[in-house]
Amino acid sequence: MARSLPLDGVRVLELGNYIAAPTAGRMLADFGAEVIKVERETGDELRNWRLYDGDTSMLFRTINRNKKSIVLDLRTESGRDDVRALAAHCDVVLENFRPGTIEKWGIGPEVLSAANPDLIFVRISAFGQTGPYAERPGFAAVAEAYGGFRELVGDPDRPPVRVGVSIGDSIAGLYGAFGAVMALYERLRRRDESDEPLPLAERIVDVALNEAIFSMMESLVPDLGAYGVTRERTGGRMEGIAPSNGYTCGDGLSVVISGNADAIFGRYMRAIGRPDLADDPDLSTNDGRWRRRDEVDDAIGAWTATLARAEVLAVLDEAGVPAGPIYTAADIVADEQYRARNMVQHFDVDAGGDSPRSVGFPGIVPVLGEKSLPIRSVGPDLGEHTEEIRRRFLR
């Protein structure tokens, strides 16, 4: 018998493209929700992002795993009729269009709620559904700038840079999934108290990309108000914390070492052959180490440059200093910790060429039990489930 999942019985209608809303859909699908992804005839544009061969990218397969795909043309009345009919059978609608778009199409919350007064809406947009910026277009790159994140990424003597993944979209998607589960729980709780459905306003989860990023910025704004401090880019360091950085080893490979705790610093410095720094009273607290961060970092870098990465990590492990290799994709696939927790799961996938290829996909987080739940299916082919969904809901 297949394992029961926490969201078994929950049905989600996903109207989103790209990454944000589909990430929320992926989270819900991972834990058992039936997620019906609506795509236009040409498919979600993500199918073509980082497409090196074949007709569907691994990015799409990853973000849209465990879902079902139906092709509908929302530019037509028949397509919108189908959305209205499907929504009547669903618990949650996910969308990430510009605010006002689905209202113009006649499939906004008020319309869909008329047939399904329990329906929950997760709406992800650049700046949210209200406020003076609400109707502005904007992808996560712009939201990361508005949220204060981009200003802190990179080296202080160079323009801000971007991290190598769509972090703004992904964080917004996580908030969207959390909001959906929160609203589902509230709906269930209220049913125990009253037969009345939740008011529409309490069934709308409004996620703004810029706010999702801003919420992760720790004390960025409080530091300004309390101390007049405006944080700046610090490269591989973290503002006000030392020593914690990346270092190059003698074999050209790199490590991250986080020896910034007071109790760790002394044995860290002795491990690298610098007892003078371990015993320096000015370096016994983080404030002093931050003031002399260049000196400390230079000492650490000089030491790592004399040893291969494996040797560096062995010395630090023996000394109880938190450190680790900077992994590539190949390192992750080979790592025994990821393997032990089923965090890379392989599927035969069409990646171009004459035959399917075994491809590793990231496992499901968080873990329930000792290992990642198994992925049930990677992202569907375009329209793969159109006939099934029509047969069940659109007769």
Side-chain angles (χ1 to χ4, degrees), residues 6-7 9-39 44 46 63-70 72 74 83-84 86-103 105 107-131 134 138-140 143 166 168-190 197-216:
L7 297 180
V10 173
R11 186 173 296 119
V12 178
L13 184 62
E14 182 185 299
L15 304 179
N17 287 325
Y18 303 112
I19 294 176
T23 293
R26 183 189 89 168
M27 294 289 295
L28 299 174
D30 280 348
F31 292 97
E34 180 182 22
V35 178
I36 300 171
K37 181 178 180 65
V38 173
E39 298 189 72
D44 186 331
L46 211 64
I63 292 177
N64 293 284
R65 67 190 185 195
N66 295 327
K67 300 178 187 178
K68 297 177 178 178
S69 171
I70 180 174
L72 297 177
L74 301 187
V83 166
R84 288 187 279 266
L86 283 171
H89 297 279
C90 292
D91 299 283
V92 179
V93 169
L94 300 175
E95 64 98 359
N96 60 349
F97 294 103
R98 194 187 303 189
T101 299
I102 62 172
E103 284 84 355
W105 290 344
I107 52 175
E110 290 190 359
V111 172
L112 298 185
S113 287
N116 185 352
D118 281 332
L119 193 60
I120 291 161
F121 298 87
V122 175
R123 312 194 69 177
I124 303 177
S125 60
F127 299 101
Q129 302 296 313
T130 61
F139 282 171
S166 299
D169 281 316
S170 297
I171 292 172
L174 288 169
Y175 274 120
F178 172 71
V181 172
M182 180 175 62
L184 286 167
Y185 177 78
E186 177 68 359
R187 189 180 76 177
L188 182 64
R189 188 179 69 84
R190 292 281 191 95
L198 289 174
L200 177 58
E202 295 180 36
R203 289 184 281 115
I204 295 177
V205 177
D206 181 359
V207 180
L209 293 172
N210 69 307
E211 292 167 356
I213 283 288
F214 174 54
S215 74
M216 295 292 177

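Values in this document were obtained by computation on a predicted structure and should not be read as measured data.
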- Message: Under the criterion side-chain contact (heavy atoms from CB on, under 4.5 Å), I'd like the reasoning laid out for Ser215 against Tyr175: C-alpha separation, chi angles, the key distance, then a yes or no.
- Response: CA-CA 10 Å; Ser215 74; Tyr175 274 120; 2.7 Å; yes
- Message: side-chain contact (heavy atoms from CB on, under 4.5 Å) for Asp30 and Arg65? Distances and angles first, verdict last.
- Response: CA-CA 8 Å; Asp30 280 348; Arg65 67 190 185 195; 2.9 Å; yes
- Message: Go through it in stages, so that I can follow the logic: the residues are Leu112 and Val93, the test is side-chain contact (heavy atoms from CB on, under 4.5 Å), and I'd like the CA-CA distance, side-chain angles, deciding distance and then a yes or no.
- Response: CA-CA 9 Å; Leu112 298 185; Val93 169; 4.3 Å; yes
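A donor-acceptor pair is defined here as one N or O able to donate and one able to accept, closer than 3.5 Å; no such pair exists between the side chain of Asn96 and the backbone of Ile124. Within the 3.5 Å criterion, the main-chain N or O of Leu119 finds a donor-acceptor partner in the side chain of Arg203. Side chain of Asp44 to backbone of Tyr18: a donor-acceptor contact under 3.5 angstrom is found. With hydrogens and angles disregarded, no donor-acceptor distance shorter than 3.5 Å links the side chain of Arg84 to the backbone of Val111. A donor-acceptor distance shorter than 3.5 angstrom exists from the side chain of Arg11 to the backbone of His89, with no hydrogens or angles considered. Remark: side-chain polar atoms of Thr101 are paired, donor with acceptor, to backbone N or O of Arg98 under 3.5 angstrom. For the pair Asn116 (side chain) and Cys90 (backbone), a donor-acceptor distance under 3.5 Å is present.
When the shell of 6.0 Å around CZ of Phe214 is examined, it contains 12 or fewer heavy atoms from other residues, nucleotides or ligands. Shown here is Phe31, whose CZ atom has more than 12 heavy atoms of other residues, nucleotides or ligands within 6.0 Å.
Between Thr23 and Ser170, the closest heavy-atom pair is CG2-O, 3.9 Å. Heavy-atom minimum distance, Ala24 versus Gly176: CB-C, 4.1 Å. The minimum heavy-atom distance between Pro22 and Lys37, with the atom names listed, is CG-NZ, 3.8 Å. Of all heavy-atom pairs between Ser125 and Phe97, the closest is CB-O, 4.1 Å. For Ser166 against Ile19, the heavy-atom pair with the smallest separation is OG-CD1, 3.4 Å. Summarising the geometry of Gly128 relative to Asp206, their closest heavy-atom pair is CA-OD1, 3.4 Å, with the distance given to 0.1 Å.
Counting only heavy atoms from C-beta outward, the side chains of Leu72 and Leu86 approach each other to under 4.5 Å. Using a 4.5 Å cut-off on side-chain heavy atoms (C-beta onward), Val35 and Asn66 make no contact. Looking at Val12 and Asp91, their side chains never come closer than 4.5 Å, going by heavy atoms from C-beta outward. Side-chain contact check for Val10 versus Leu184: some heavy-atom pair is nearer than 4.5 Å. Put simply, the side chain of Ile102 reaches to within 4.5 Å of the side chain of Pro109, judged on heavy atoms. Side-chain contact check for Arg123 versus Pro99: every heavy-atom pair is 4.5 Å or farther apart. A 4.5 Å side-chain heavy-atom check between Glu14 and Val38 finds every atom pair outside the cut-off. For the pair Val92/Phe121, no side-chain contact is recorded, criterion being any heavy-atom separation below 4.5 Å from C-beta on.
In this structure, the separation between CG on Leu74 and CH2 on Trp105 is 5.0 Å, given to the nearest 0.5 Å. For the atom pair CD (Glu34) and NZ (Lys67), the distance works out to 13.0 Å, reported to the nearest 0.5 Å. The distance from atom CZ of Phe178 to atom CG of Leu28, rounded to the nearest 0.5 Å, is 12.5 Å. Interatomic distance, CD1 of Ile213 versus CD of Glu211, reported as 12.0 Å (0.5 Å rounding). Atoms CG and CG, on Asp169 and Leu174 in that order, are 11.0 Å from each other to the nearest 0.5 Å. Between the CD atom of Glu186 and the CD atom of Glu202 there is a distance of 6.5 Å, given to the nearest 0.5 Å.
A salt bridge is defined here as a Lys NZ or Arg NE, NH1 or NH2 lying under 4.0 Å from an Asp or Glu carboxylate O, and Asp118 with Arg187 fails to meet this definition.
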